[in-house]
Amino acid sequence: MRNRPLTTVRNLGILAHVDAGKTTVTERILHRTGATHKTGEVHDGTTVTDFDPQERDRGITIFAAAVSCTWNGHRLTLIDTPGHVDFTAEVERSLRVLDGAIAVFDAVAGVEPQSETVWRQADRHGVPRIAFVNKLDRAGADLDAAVASIRARLHPAPLVVQLPIGREDGFTGVVDLVRLPVDASAEARRRRRVLEEAVAELHPLALEEFCAAGTISAETLEKALRELTLSGDGLVVLCGAAYRDRGIEPLLDAVVAYLPSPADVPPVRPDRPADPAAPVAALVFKVVSAATGRLTYLRVYSGTLRKGDQVTDAGRTERIARVLRVQADRHSEVDSAAAGDIVAVAGPKAARVGATLCAPGDPVLLEPPVTADPVVSVAVEPRRAGDGERLTAALSRLAEEDPSLVVRVDPETGQTVLSGLGELHLEVAVEKLRRDRGLEVAVGRPSVAHRETVVSGVTGLVYRHVKQDGGAGQFAHVVLDVSPAPEGFEFASAVVGGRVPREYVRAVEAGCRDALAEGPLGGHPVTGLRVTLTDGATHPKDSSDLAFRTAGRLGLREALRSSVLRLLEPVAEVVVTVPPDAVGGVLGDLAARRGRVAGSAVRPGSAVVTATVPVAELFGYANRLRSRTQGRGTFTARPAGFAPVP
């Protein structure tokens with residue numbers, strides 16, 4: 001796929017809050033690098049990466065899209081990720097296979113709620129980042145305020161390497177503070193000094209040069225900035241206005257200078273170095289079932305994947321029919337893909353998101369992306385009586401492409417239930433059924449995923465599991481304490497004297513986890529409890545892992561029935577941006593939706609209200625907000641855990 005050193009490859013994502021300008025930045029990068037000959041616009045529906053009809057209709061990125069380009073002898077693969085909270089699973093899957101990222105911030109709004117969400121996701125994956133403060137040409141744009149919000153809310157050490165020329169409508173470009181022009185202004189020289197001092201505080205070699213010479217050379221500064229970026233101890237901050245094509249070339253230079261290549265990051269496994277000659281190992285992060293066939297998107301971590309190769313996926317053998325270089329919805333066939341490449345392949349029939357494709361004689365399992373639990377559900381059924389089987393098959397393909405969508409049949413009502421990460425997430429899924437599959441479906445009112453939690457537990461609950469039906473029997477005796485915990489599930493053993501062997505303790509814990517699937521209040525999952533195994537007994541012949549797992553499951557169910565439990569509902573942190581004259585109506589509406597207002601702030605021409613609102617009360621809120629504000633109000637919501645139901 002390339003005859004270039006691994007050090008000249010950059011795999012990076014574009015991360016941001018919705019409407020911060022990610023797709024516009026991507027579009028300008030493609031144009032500047034010569035990958036496209038004309039820049040597309042989000043508002044015109046002509047961008048390369050927002051190619052899906054729903055993305056163009058809604059004006060937002062929904063599906064992560066990969067594109068490739070070259071800059072100064074380097075191959076760049078970019079993934080433009082969604083900024084809406086309902087599609088953070090797309091961001092999660094992308095970050096799992098990326099080496100670096102550009103975090104885009106609005107110069108007026110600074111750090112916004114989804115900015116924090118994607119930042120924490122990148123933290124979890126250890127992905128080095130640089131920042132691009134966009135939209136400096138807007139009224140109210142302020143680079144220093146945006147940087148201050150980055151420092152306060154994301155807690156990195158921002159290292160601003162550019163000075164804007166002009167403000168708002170008068171913004172015309174940037175001054176490079178690393179390689180400062182000889183005729184630089186006094187303000188640029190002052191900013192360069194601030195940058196030197198900040199870098200010297202974080203980097204020993206830069207500090208040594210600063211103390212010896214009173215300044216830091218451009219070469220040392222650039223090297224220090226790269227090392228601080230790779231370690232995460234510093235955040236290089238650039239600025240510009242992507243819509244007006246300002247600041248894009250310096251951003252590309254920064255990607256090459258500061259972000260890591262596949263050779264700079266630790267190998268995915270010690271036995272799988274990023275070496276084209278090593279045994280092949282690739283991770284699937286996206287699956288698309290299109291009319292032209294099934295495409296499997298993957299990152300090659302080691303070895304070389306060639307057309308016609310046989311690979312294994314959890315013991316299944318798959319054949320690589322074609323290897324494709326990706327350019328959003330367009331693909332060009334290549335002979336092979338080597339370590340460090342992100343490509344699509346045709347041929348695999350059963351590989352799912354998170355699967356590892358590896359050499360048949362050298363199996364390996366790579367860590368899959370984390371899949372978020374769904375919080376919103378709708379009932380779906382075909383409008384035409386004969387479409388039942390087609391709907392079932394289409395829903396199965398949807399869940400295959402997007403593992404954050406879950407399809408199940410309600411055992412009580414017999415309805416098919418589709419669950420996802422938000423109302424918009426489900427709207428998009430249902431629309432795909434209509435557009436891509438030609439299915440007309442009826443959708444029931446969304447419901448939310450409740451949880452049950454322990455308020456007051458029990459102590460010393462004794463459960464004895466005895467079963468004898470011929471042959472070897474089952475015997476397990478356990479004593480359990482159940483108490484509240486801050487969150488999740490905790491298990492501990494206080495058994496002394498070996499009365500319950502260690503392997504049986506693990507079986508009891510597994511049984512307790514089985515019991516958490518359905519609580520006594522309404523069959524909802526149980527969370528927020530601590531279970532302690534305090535005593536037990538075994539039988540010399542009839543005790544087994546199965547017996548103790550059964551005792552753990554049934555014993556905890558009995559303990560929960562004797563405990564005091566509370567029903568929880570999912571809540572979201574909602575940030576509403578409206579004209580100042582609409583604040584009163586918005587506050588009243590949030591109160592009617594059981595929202596708890598956490599704060600408000602005034603910006604030029606707008607007011608921002610932050611509140612915590614039950615997810616069940618947010619259905620239809622977008623239409624309500626538009627009607628209250630004559631279409632001028634917007635809001636974002638992100639999951640904020642669970643809260644007690646009144």
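On a predicted model such as this, the values are computed, not experimentally measured, just so you know.
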Indicate yes or no: does Glu400 engage Arg294 in a salt bridge with an N to O separation below 4.0 Å. yes
Separation between OG1 (Thr81) and CD (Glu90), nearest 0.5 Å, reads 9.0 Å
Phe285 meets the ring-ring contact (aromatic ring centres under 6.0 Å, His included) criterion, sequence neighbours left out, with none
| message | I'd like to check Leu391 versus Leu395 (side-chain heavy atoms, cut-off strictly below 4.5 Å). Are they in contact? | response | yes
side-chain hydrogen bond (donor to acceptor under 3.5 Å, both in side chains) pairs touching residues 553-562, sequence neighbours excluded, are none
I'd like to know if the side chain of Thr23 pairs up with that of Asp80 as donor and acceptor (distance under 3.5 Å, no hydrogens or angles considered).
yes
Applying salt bridge (Lys or Arg N to Asp or Glu O under 4.0 Å) to Arg566 and not counting sequence neighbours gives none
Residues 509-527 vs side-chain hydrogen bond (donor to acceptor under 3.5 Å, both in side chains), sequence neighbours excluded, gives Glu509-Arg513, Asp514-Arg549
The ring-ring contact (aromatic ring centres under 6.0 Å, His included) partners of Phe635 (sequence neighbours excluded) come to Tyr621
Using only atom types and a distance under 3.5 Å, with no angle test, would you say the side chain of Arg299 pairs donor to acceptor with the backbone of Val97?
yes
* Asked: Going by an N to O cut-off under 4.0 Å, is there a salt bridge joining Asp589 and Arg593?
  -> yes
> Is it true that atom CZ of Arg596 has more than 12 heavy atoms of other residues, nucleotides or ligands lying nearer than 6.0 Å?
Replying inline: no
By ring-ring contact (aromatic ring centres under 6.0 Å, His included), His17 pairs with (sequence neighbours left out) none
